[in-house]
Amino acid sequence: MSTHASPELAIAVKDLTKIYGDRAAVSGANFEVPLGTVCGFVGPNGSGKTTTMRMLLGLISPTAGSGTILGEPINHPERYLARVGAMIEGPAFYPALSGAENLRVLATLGGYSLDQVQGLLERVGLGDRGDSKYKTYSLGMKQRLGIAAALLPNPQLLMLDEPTNGLDPAGIQEIRELLRDLANEGTTVFVSSHLLSEIEMISDSLVMLRKGEVIFAGKTQDLLLRQQPTIIAKSSDPQDLVKLLAIAHDAGHEGTVIDGAAHILGPTEWAPILNKMAFDAGITLAQLAPVLPSLEETFFEMTGDSE
Ligand code: ATP
């Protein structure tokens, strides 16, 4: 049951599993998060992100498997929780109290210094709104106050469940910058999102979940390498596209017709060669464009449709 994590790992899980009734919410998950990095935890709604985070925080017990947080086993959360800050399933605050008062209540309850409240408010961009009542806050401000609360213990590891959910692009950008800054200062950030595009640019590594299973765990850079360059060809005659696919296939390039256009795997340099082969075969193409799919498209290609 024990996992021997090296001290440079903030999180390590091995075959982590949670079964509810006859359904696995998380099934044999394996991944590692190095200290001082941002790890994006990505998957559609219901894929098991919250369940995994709850197990990592010792809120629920795994059905099977094991894990370590900051080198300590997850079945002994008392050994690491003081060094972990978390915002999971939306922060709970008193609506009638100000942001600063809410943080003071939490600091008092947790035994943390009250002196850091104003600094934390400034850290999350609420420096001049700390005295406003929580109920007057926008969703983005509420999320940022939640992050400030998670930072109260001055944690080595920050675990955030969907902190960008429901935010507008400017709000998402602010959270992204804050998380990146925290990581640059040495805090490890484990952040979930159902949208890869919201966190890919700040994530050193990614763990991707689909139906409770880890379908990718590794460096963001390695996922970028999986992006397959594609050539999109259009013709007014659907028969021409079928012929074009056959020509490409004979040349060792696979393809399919999607929405009236041929999508053929191949690098940009190969596009003129394909064009010449099409021309020689009497096919007139209306359009021929090399494209590189986004990381999001690469992800969906790997995971199938998301809801
Ligand atoms: P969301 O973003 O919607 O919270 P998620 O990726 O965090 O999605 P989980 O909340 O971990 O997903 O849920 C994973 C699966 O486990 C879902 O099918 C959910 O219905 C189920 N589940 C979660 N908690 C329980 C529970 N206490 N009892 C039964 N089933 C549960």
Side-chain angles (χ1 to χ4, degrees), residues 10-33 38-69 74-75 77 81 84-93 139-140 142-144 146-147 149-150 157-169 171-172 175-176 179 188-200 202-203 205-218 220 223 295-296 298-307:
I11 304 176
V13 305
K14 195 165 185 317
D15 302 327
L16 196 66
T17 300
K18 182 70 185 180
I19 294 171
Y20 288 115
D22 56 0
R23 284 193 53 195
V26 178
S27 183
N30 288 287
F31 63 88
E32 293 177 346
V33 180
V38 178
C39 176
F41 192 31
V42 191
N45 291 327
S47 56
K49 304 183 297 295
T50 307
T51 302
T52 303
M53 285 190 164
R54 290 170 64 86
M55 287 192 277
L56 296 179
L57 291 167
L59 296 169
I60 53 173
S61 306
T63 309
S66 61
T68 58
I69 299 289
I74 57 172
N75 54 351
L81 279 185
V84 176
M87 182 175 81
I88 178 165
E89 286 164 352
F93 292 109
L139 189 55
K142 289 176 175 170
Q143 296 284 48
R144 280 184 277 149
I147 296 174
L157 169 63
L158 186 62
M159 244 189 255
L160 304 172
D161 197 11
E162 302 259 5
T164 52
N165 217 3
L167 298 190
D168 60 15
I172 292 168
I175 301 269
R176 270 204 291 252
L179 298 185
T188 307
V189 179
F190 187 59
V191 53
S192 80
S193 177
H194 62 284
L195 289 175
L196 173 60
S197 58
E198 287 188 352
I199 52 171
E200 68 180 49
I202 57 157
S203 298
S205 65
L206 294 167
V207 173
M208 293 179 162
L209 269 190
R210 170 82 177 168
K211 293 182 182 155
E213 290 181 15
V214 174
I215 54 156
F216 177 85
T220 309
L223 183 69
L295 215 50
E296 192 92 52
T298 305
F299 173 53
F300 284 132
E301 219 159 79
M302 290 163 62
T303 60
D305 274 340
S306 142
E307 60 245 56

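Owing to the predicted nature of the structure, the values given are computational and were not obtained by experimental measurement. Just so you know, ligand 1 is whichever comes first in the structure, and atom 1 is the first atom listed for that ligand.
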Gap separating the [atom1] atom of [X] from the [atom2] atom of [Y], nearest 0.5 angstrom:
X: T52; Y: M159; atom1: OG1; atom2: CE; result: 10.5 Å
X: I74; Y: L56; atom1: CD1; atom2: CG; result: 6.0 Å
X: S27; Y: L16; atom1: OG; atom2: CG; result: 10.0 Å
X: L160; Y: F41; atom1: CG; atom2: CZ; result: 13.0 Å

Nearest heavy-atom contact between S203 and I199 is OG-O, 2.8 Å

With a 4.0 Å heavy-atom cut-off, what residues sit around ligand 1?
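Ligand 1 is contacted, at a heavy-atom distance under 4.0 Å, by Y20, R23, A25, P44, N45, G46, S47, G48, K49, T50, T51, E162.
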
Going by salt bridge (charged side-chain N to carboxylate O under 4.0 Å, His left out), name the pairs with one or both residues in residues 42-53, residues two or more places apart or in two chains.
K49-E162

